[in-house]
Amino acid sequence: MAAPDSPGLPNAPGSPVPVPAGTPAPAAAGRRTVFLLAHTGRPAAVRSAERVVLGLLHHSIGVRVLAAEAADLPLPASVAVETVAEATPDVLDGCELLIVLGGDGTLLRGAEFARASGVPMLGVNLGRVGFLAEAERDDLDQVVERVVSKAYEVEERMTLDVTVHNNGDVLYTDWALNEAAVQKDAPERMLEVVVAIDGRPVTGFGCDGVICATPTGSTAYAFSAGGPVMWPEVEALLMVPIGAHALFAKPMVTTPDAVLAVEVEPHTPAGVLWCDGRRTAALPAGVRVEVRRGAVPVRLARLHHASFADRLVAKFALPVSGWRGAPH
């Protein structure tokens, strides 16, 4: 049976979201509203969320949060935020922006909300790398100012649609922003696979797994597995073997309209599918995992026009002190 797009986020909006008794009424019609998602298990995220909430409310912009997260925010009693009880796509109805505060895991959680709702996501990195983030924790005041003045642009990022087939039957469907990874489930044995592009087999090998990634995901798991860094504007799909025992097991870059396939050999141990490292499904021996360009992109809010090269240097602290090119 096919799985939903993501846990807690059905494919279609359902009935109105129940609001706990005693919570503030929804914002008045016409009032600008922003949804805030944070990893409230981290003290730094709680402090940052409080700062953003107070800043937005000061400028008469409504803030909507999940009730469970609102309970963790030390907001003054006089501060009223709108709360919703359940994480369904329609909780972002009427919101112009989704602000996400946290590390890579929280940002990918926010991407689930953004894809399901179509609302742009503005990520603030409170973790280590945070390639999906547009700002850092020191930029919170600027984030509020740019949201208030609507000084941001929106770009679309390619996603992946993932289907698991078994003898003509569809066992599972999912999606990913970064990558879909077919991996071994038994650490003591390799996974035997055959990979194919557009229905044509290319090669087979024993491995720890195979990653199918978007350009956005090229700096995530695929990067650590030895794949190339791809600029987000590139229209392409990426396939990267993990620990392959073969002479020809190199990363491959295809057109964005290609269909990537990984077949798990019938005689091999069962595998496991991970989508963005968040959603997983068992892969019995003999199944085929097909990955293609996603029908629904994720929309990201951008505050800066810095080049992707500058972002790489900043995120990975790359040594560039010897560069003698002309200043821009």
Side-chain angles (χ1 to χ4, degrees), residues 8 19-20 22-27 31-87 91-92 94-114 117 119-152 220 276-278 298 300-304 306 311 314-317:
V19 178
T23 55
R31 184 186 184 188
R32 297 176 62 195
T33 304
V34 168
F35 198 101
L36 182 70
L37 187 69
H39 186 341
T40 54
R42 293 182 177 182
V46 171
R47 293 191 297 269
S48 298
E50 180 185 18
R51 188 169 169 183
V52 171
V53 168
L54 294 177
L56 292 172
L57 293 177
H58 176 73
H59 292 279
S60 301
I61 295 179
V63 179
R64 188 181 302 168
V65 297
L66 294 174
E69 295 183 359
D72 294 331
L73 299 179
L75 297 172
S78 59
V79 172
V81 296
E82 182 185 350
T83 61
V84 289
E86 297 180 5
V91 300
L92 273 79
C95 294
E96 68 174 69
L97 197 63
L98 166 64
I99 298 179
V100 181
L101 308 173
D104 290 328
T106 307
L107 292 168
L108 286 170
R109 178 183 173 219
E112 295 175 353
F113 282 78
S117 65
V119 174
M121 179 179 81
L122 174 57
V124 179
N125 178 40
L126 303 181
R128 189 173 62 87
V129 180
F131 258 98
L132 288 174
E134 185 62 15
E136 303 294 325
R137 71 180 69 206
D138 294 337
D139 303 326
L140 289 175
D141 291 340
Q142 182 189 29
V143 167
V144 171
E145 291 173 3
R146 299 290 286 275
V147 172
V148 170
S149 61
K150 293 188 177 181
Y152 59 86
D276 284 341
R278 290 183 51 79
V298 169
L300 298 182
R302 298 294 305 273
L303 303 179
H304 311 289
R311 184 177 290 252
K315 294 294 183 180
F316 289 131

**Message:** Set out, in order, the CA-CA distance, both residues' side-chain angles and the distance that settles side-chain contact (heavy atoms from CB on, under 4.5 Å) for V119 and F113, then state yes or no.
**Reply:** CA-CA 8 Å; V119 174; F113 282 78; over 6 Å; no
Nearest atoms (heavy-atom pairs only) where [X] meets [Y]:
X: A49; Y: A38; result: CB-CB, 4.2 Å
X: V124; Y: A133; result: C-CB, 4.1 Å
X: G94; Y: T33; result: O-CB, 4.1 Å
X: A70; Y: V65; result: CB-CG2, 3.5 Å

**Prompt:** Can you name the side-chain hydrogen bond (donor to acceptor under 3.5 Å, both in side chains) partners of E96, sequence neighbours left out?
**Reply:** R32, Y152
**Item:** For D276, side-chain hydrogen bond (donor to acceptor under 3.5 Å, both in side chains) partners two or more places apart
**Value:** none
**Request:** Give the C-alpha distance, both sets of side-chain angles, the deciding distance and a yes or no for salt bridge (charged side-chain N to carboxylate O under 4.0 Å, His left out) between E136 and R128.
**Result:** CA-CA 10 Å; E136 303 294 325; R128 189 173 62 87; over 6 Å; no
**Message:** Could you check whether any side-chain N or O of R146 sits under 3.5 Å from a backbone N or O of A151, counting only pairs where one atom can act as donor and the other as acceptor?
**Reply:** yes
**Prompt:** So, the side chain of D104 versus the backbone of G130: is there a donor-acceptor pair under 3.5 Å, distance only?
**Reply:** yes
Look up atom [atom1] in [X] and atom [atom2] in [Y], then write down how far apart they are to the nearest 0.5 Å.
X: L75; Y: L54; atom1: CG; atom2: CG; answer: 6.0 Å
X: C95; Y: R64; atom1: SG; atom2: CZ; answer: 4.0 Å
X: D139; Y: L303; atom1: CG; atom2: CG; answer: 8.5 Å
X: T83; Y: L66; atom1: OG1; atom2: CG; answer: 9.0 Å
X: R137; Y: R47; atom1: CZ; atom2: CZ; answer: 8.0 Å

**Message:** When you compare the side chain of I99 with that of V147, does any pair of heavy atoms fall below 4.5 Å?
**Reply:** yes
**Request:** With the side chain counted from C-beta on, respond yes when L92 and L98 share a heavy-atom pair under 4.5 Å apart, and no when they do not.
**Result:** yes
**Item:** salt_bridge(E134, R311) N-O dist < 4.0 Å
**Value:** yes
**Message:** Check this for me, if you would: do E69 and R109 make a salt bridge, where the nitrogen-to-carboxylate-oxygen distance has to be below 4.0 angstrom?
**Reply:** yes
**Asked** Stepwise, does the side-chain contact (heavy atoms from CB on, under 4.5 Å) test hold for L126 with S48?
**Response** CA-CA 9 Å; L126 303 181; S48 298; 3.9 Å; yes
**Asked** Yes or no on side-chain contact (heavy atoms from CB on, under 4.5 Å) for V100 and L122, after CA distance, side-chain angles and deciding distance?
**Response** CA-CA 6 Å; V100 181; L122 174 57; over 6 Å; no
**Item:** By side-chain contact (heavy atoms from CB on, under 4.5 Å) - contacts of R51 (at least two apart)
**Value:** L140, D141
**Residues F35, V91; criterion side-chain contact (heavy atoms from CB on, under 4.5 Å); working and verdict** = CA-CA 9 Å; F35 198 101; V91 300; 3.8 Å; yes
**Item:** Sole residue of I61, V81, L36 in side-chain contact (heavy atoms from CB on, under 4.5 Å) with L56
**Value:** I61
